[in-house]
Number of protein chains: 2
Amino acid sequence: MLTIGKLGAQAGVKVPTIRYYEQIGLLPEAGRSAGNQRLYGRKALERLAFIRHARDLGFTLEAIRDLLSLSDNPEQPCVAADAIARAQLAEVERRLARLTALKAELERMVVQCAGGKIADCRVIEVLGDHSLCSTDHRHPESEAGP
Amino acid sequence: MLTIGKLGAQAGVKVPTIRYYEQIGLLPEAGRSAGNQRLYGRKALERLAFIRHARDLGFTLEAIRDLLSLSDNPEQPCVAADAIARAQLAEVERRLARLTALKAELERMVVQCAGGKIADCRVIEVLGDHSLCSTDHRHPESEAGP
DNA sequence: CCTTGAAGCTATAGTTGCTAGAGACATTAG
DNA sequence: CTAATGTCTCTAGCAACTATAGCTTCAAGG
């Protein structure tokens with residue numbers, strides 16, 4: 001039996017995250033020790049590894065919830081799981097396209113700044129006026145990072 | 001003079017988002033009409049377009065705040081703006097690499113679904129066991145999004 | 001001129017996927 | 001036995017918005 005700390009270490013998931021997953025129902029309520037500490041077995045470790053892995057691949061917790069409920073009924077056809085994965089793939093492809101355009105734009109911006117004054121600096125200019133952009137990166141999806 | 005709705009339409013930003021930007025100090029407080037409605041001029045439109053554009057390019061609001069403060073004092077050297085752009089470029093390149101790996105992984109998963117049972121489903125199987133992966137996509141950065 | 005409906009206002013709370021902190025109890029190494 | 005670490009619950013916070021409620025203001029049609 002694993003304490004929550006060992007479980008987290010084995011699965012590569014932080015302790016508060018595990019408690020969070022339990023709270024939102026992604027993990028079942030764990031059994032407790034005499035002193036009220038959570039104890040986990042191999043099944044919990046596998047489930048958590050599944051979640052961790054799917055998160056690594058960019059699946060949302062909602063999608064993971066669906067995938068888990070599918071894998072809990074293994075006699076059904078797997079079309080649904082396939083659809084979820086395909087949707088994820090499409091999303092990844094959209095992001096790739098957008099990031100590729102963005103990369104080109106940033107490279108252009110960086111190249112053109114040669115240490116002059118802001119007044120001559122295209123970084124600001126490019127961002128202020130879309131017509132100076134080489135690519136069209138106008139899309140409403142959120143893409144913000146760290 | 002533009003009302004907030006027109007401004008939003010012109011800049012491609014939703015109305016509540018504009019009010020949010022004002023609230024966090026990214027946009028200055030707008031002047032008001034007799035009936036207490038916000039009114040905007042061309043300067044505000046440009047500034048908002050700048051923000052929208054930078055968001056599209058993946059800049060965080062913090063980075064945008066810096067860029068705006070730079071462009072508000074155009075006599076400074078543009079080294080700082082260049083540094084911001086370079087940092088963004090590095091970040092974008094990291095994300096691109098990661099997404100490319102994810103895409104390969106997801107394609108592999110998706111290709112092999114032939115309408116069988118969940119029990120044999122490649123998607124679930126791959127998610128449950130990282131050793132079935134061809135690439136190492138284990139990185140802690142958050143990359144998810146709706 | 002008056003009404004109606006869209007657009008605006010404020011303020012608050014919700015979203016996603018965690019992360020951080022406080023203060024108390026449990027377990028374990030020396 | 002004590003000290004250090006681990007775990008407990010609970011609450012609040014992060015980015016960057018989005019949505020709701022309940023109001024006021026504005027523009028256009030009849």
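Below, read A as the first sequence line, B as the second, and so on, with proteins coming before strands; counting in each chain starts at 1.
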Check: Looking at DNA chain C, which of residues 30-42 of chain B put a heavy atom within less than 4.0 Å of it?
Finding: Arg32(B), Asn36(B), Gln37(B), Arg38(B)
Next item on the list: Take the protein atom CG of Leu61(A) and the nucleotide atom C1' of dT15(C), then report the distance between them rounded to whole Å.
Entry: 12 Å
Item checked: Minimum heavy-atom distance Ala63(A)-Ile84(A), with the two atoms named -> CB-CG2, 3.9 Å
Checklist line | Atom pair distance, as rounded to whole Å: CG in Leu26(B) and P in dA15(D) | finding: 12 Å
Next item on the list: Answer yes or no: is there a donor N or O on one side and an acceptor on the other, between the side chain of Thr100(A) and the main chain of Leu96(A), under 3.5 Å?
Entry: yes
Next item on the list: Give a yes or no on whether the backbone of Phe59(B) and the side-chain of Arg55(B) come within a donor-acceptor separation of less than 3.5 Å.
Entry: yes
Next item on the list: State plainly whether the residues Glu62(B) and Arg65(B) are in salt-bridge range, i.e. N to O under 4.0 Å.
Entry: yes
Margin query: If hydrophobic clusters are built from ILVMFWY residues whose side chains come within less than 4.5 Å, do Leu39(A) and Leu7(A) share one?
Written below: no
Item checked: Integer-rounded Å distance: dG8(C) P and Met1(B) CE -> 16 Å
Next item on the list: Send over the distance from Ile4(B) CD1 to dT18(D) P, rounded to a whole Å.
Entry: 13 Å
Next item on the list: Starting from C1' on dC17(D), measure out to CD1 on Ile51(B) and report it in whole angstrom.
Entry: 14 Å
Notebook entry, point to check: Quick one: CD on Gln88(A) to CG on Leu67(A), what's the gap to the nearest 0.5 Å?
Noted result: 9.5 Å
Check: CD of Glu29(B) versus C1' of dC9(C): gap in Å, rounded?
Finding: 14 Å
Notebook entry, point to check: Of all of residues 13-23 of chain A, which get a heavy atom below 4.0 angstrom from DNA chain C, listed by number?
Noted result: Lys14(A), Thr17(A), Tyr20(A), Tyr21(A)
Next item on the list: Could you state the atom-to-atom distance from CZ of Arg65(A) to P of dC18(C) in whole Å?
Entry: 12 Å
Checklist line | Glu29(A) bridged to Arg38(A) by N-O distance under 4.0 Å | finding: no
Check: If only atom types and distance count, is the side chain of Gln37(B) paired as donor or acceptor with the main-chain N or O of Arg32(B) below 3.5 Å?
Finding: no
Next item on the list: Would you kindly give the CD1-to-C1' distance between Ile24(A) and dG14(C), to the nearest whole Å?
Entry: 15 Å
Check: Do any side-chain nitrogens or oxygens of Thr3(A) fall under 4.0 Å of OP1 or OP2 in dG6(D)?
Finding: no
Next item on the list: Would you confirm whether Arg47(A), through its side chain, and Leu27(A), through its main-chain N or O, come within 3.5 Å as a donor-acceptor pair?
Entry: no
